[in-house]
Amino acid sequence: MAVAASTVNRLNLTPLSKADENYHRPTDLRAFDDTKAGVKGLVDAGITEIPRIFYRPPPENYDSDNISPETQVQIPVIDLDQINKNPLKRKDTIDRVREASEKLGFFQLINHGIPTNVLEEMKDAVRRFNEQETESKKQYYTRDPTKPLIYNSNFDLYSAAITNWRDSFGYISAPSPHNPQDLPEICRDVLVDYSKRVMEIGNLLFELLSEALGLNPNYLKDIDCNEGLALVCHYYPPCPQPNLAIGTSEHTDSDFITVLLQDHIGGLQIRYEDNWVDVPPVAGALVVNIGDLMQLITNDKFKSVKHRVLANKEGPRVSVAGVFSTLHFPTSKLYRPIKELISEENPAIYRETTIRDFHIQFRADGLGTSTLQHFKLSQAGA
């Protein structure tokens, strides 16, 4: 069932170029949220102009469209074939992981062990869920992070400055997974299977990152960086005015690492030296990026880099982010800069925090803000 035209008409579609004293953003946000149909519902209703809540500020105010063709930066593609059998290959891989984590905060993995058919089925499942009848998926629409499946549009709808042209659903597979029978049948099996495979890749990545830091291979796993995993599945419908909207606002991730599956459409970009650099889709590859918590515990050695996703007339674009964090789950475990990485010459930059407190701050701020700044020690910012 498509969203009725009357529902769309309750949203203010007046372009920013026209004065509109009746526009009230909170009212329009609530009207949009109440449809429980997301951005996909607007597209199904046949809109030709995006609602005003999706307008992003002009580039000169947004400071985000500086794209220089002279920026000769390529996202490293790292081959994991023979990684556990060839010591020289492993050493070379660790060196490349270290360089990418220190410089770009992003790299791509090939020969990671997840079969192509599983990757395709995961992407298909995201499309199936979002393209089913609205009434069928409405039952899962929620802003309660404790639900087995969390489907909504913009987790930060009421706190972020910009509404993203994107719908999402999430599944927490660790540390406390829900009963799989509580998941929608349309995507249940692949969510459970894919999350297990991503956890295996995460465990290997934490070994490589530990060694890249000069630590024992199990160091990051021993401090439970791999304890939590959530799959966040994004669906970006085609946008009738992509130059006025953004798929995902400029942000950094709040986790330890993210393992991302993206489709062929592209649009993911990272911020590098005040320029935007494309992260081009590579067939069968997974994109890995360093998160804020990893930057915190490595005392800025590994970089959590700003990135965004462009809106596009082509679509839908789908992606699946494997988020390594325990998120909102209660925990007393404190994370601080790793003692082996700090010294008198290189003092701690951040104060200690629980993952839950960090995550709460991230959700309260919304995308586009720096959660890490809240946890800097006063002398570090002097």
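- Proximity of a side-chain donor or acceptor of Gln295 to a complementary backbone N or O of Asp300 within less than 3.5 Å is not detected.
- A salt bridge is defined here as a Lys NZ or Arg NE, NH1 or NH2 lying under 4.0 Å from an Asp or Glu carboxylate O, and Asp95 with Arg98 meets this definition.
- Using a 4.5 Å cut-off between side-chain heavy atoms of Ile, Leu, Val, Met, Phe, Trp and Tyr, with links allowed through other members, Leu244 and Tyr23 fall into the same hydrophobic cluster.
- For the pair Asp28 and Arg25, the salt-bridge criterion is not met [side-chain N within less than 4.0 Å of a carboxylate O].
- Residue pairs meeting the ring pair (Phe, Tyr, Trp, His ring centres under 6.0 Å) criterion with at least one member in residues 79-105, sequence neighbours excluded, do not occur.
- Taking the ring centroids of Tyr141 and Tyr151, they lie under the 6.0 Å cut-off.
- At a threshold of 4.0 Å, the pair Glu200-Arg197 does not count as salt-bridged, since none of the basic side-chain nitrogens sits closer than that to a carboxylate oxygen.
- Exactly one of Leu268, Ile246, Thr248 qualifies for a side chain to side chain contact (heavy atoms under 4.5 Å, CB included) with Arg308. That residue is Ile246.
- For the 3.5 Å distance criterion, the side chains of Asp144 and Thr142 fail to qualify, holding no donor opposite an acceptor.
- Relative ring orientation between Phe129 and Phe169 is described as tilted, the plane-to-plane angle lying within the 30° to 60° band.
- The residues Asp33 and Arg143 are annotated as salt-bridged, a charged nitrogen and a carboxylate oxygen being separated by less than 4.0 angstrom.
- A salt bridge does not link Lys303 to Glu102: none of the charged nitrogens lies less than 4.0 Å from a carboxylate oxygen.
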Acceptor/donor pairs from residues 228-235 side chains to any protein atom, 3.5 angstrom cut, sequence neighbours excluded:
unit_1, atom_1, unit_2, atom_2, d
His234, ND1, Ser168, OG, 2.7
Tyr235, OH, Glu131, OE2, 2.7

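- No donor-acceptor pair closer than 3.5 Å links the side chain of Asn164 to the backbone N or O of Arg166.
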Please set out all donor-acceptor pairs under 3.5 angstrom arising from side-chain atoms of residues 313-331, sequence neighbours excluded.
unit_1, atom_1, unit_2, atom_2, d
Arg317, NE, Gly266, O, 3.1
Arg317, NH2, Gln262, OE1, 3.0
Ser325, OG, Leu327, N, 3.0
His328, NE2, Pro145, O, 3.4
Thr331, OG1, Lys333, N, 3.0

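- Ion pair Lys138/Glu135 flagged as a salt bridge, since at least one NZ, NE, NH1 or NH2 atom sits closer than 4.0 Å to an Asp/Glu carboxylate oxygen.
- The closest donor-acceptor contact from the side chain of Thr258 to the backbone of Asn289 lies at 3.5 Å or more, if one exists at all.
- No side-chain heavy atom of Asp253 sits under 4.5 Å from any side-chain heavy atom of Asp292.
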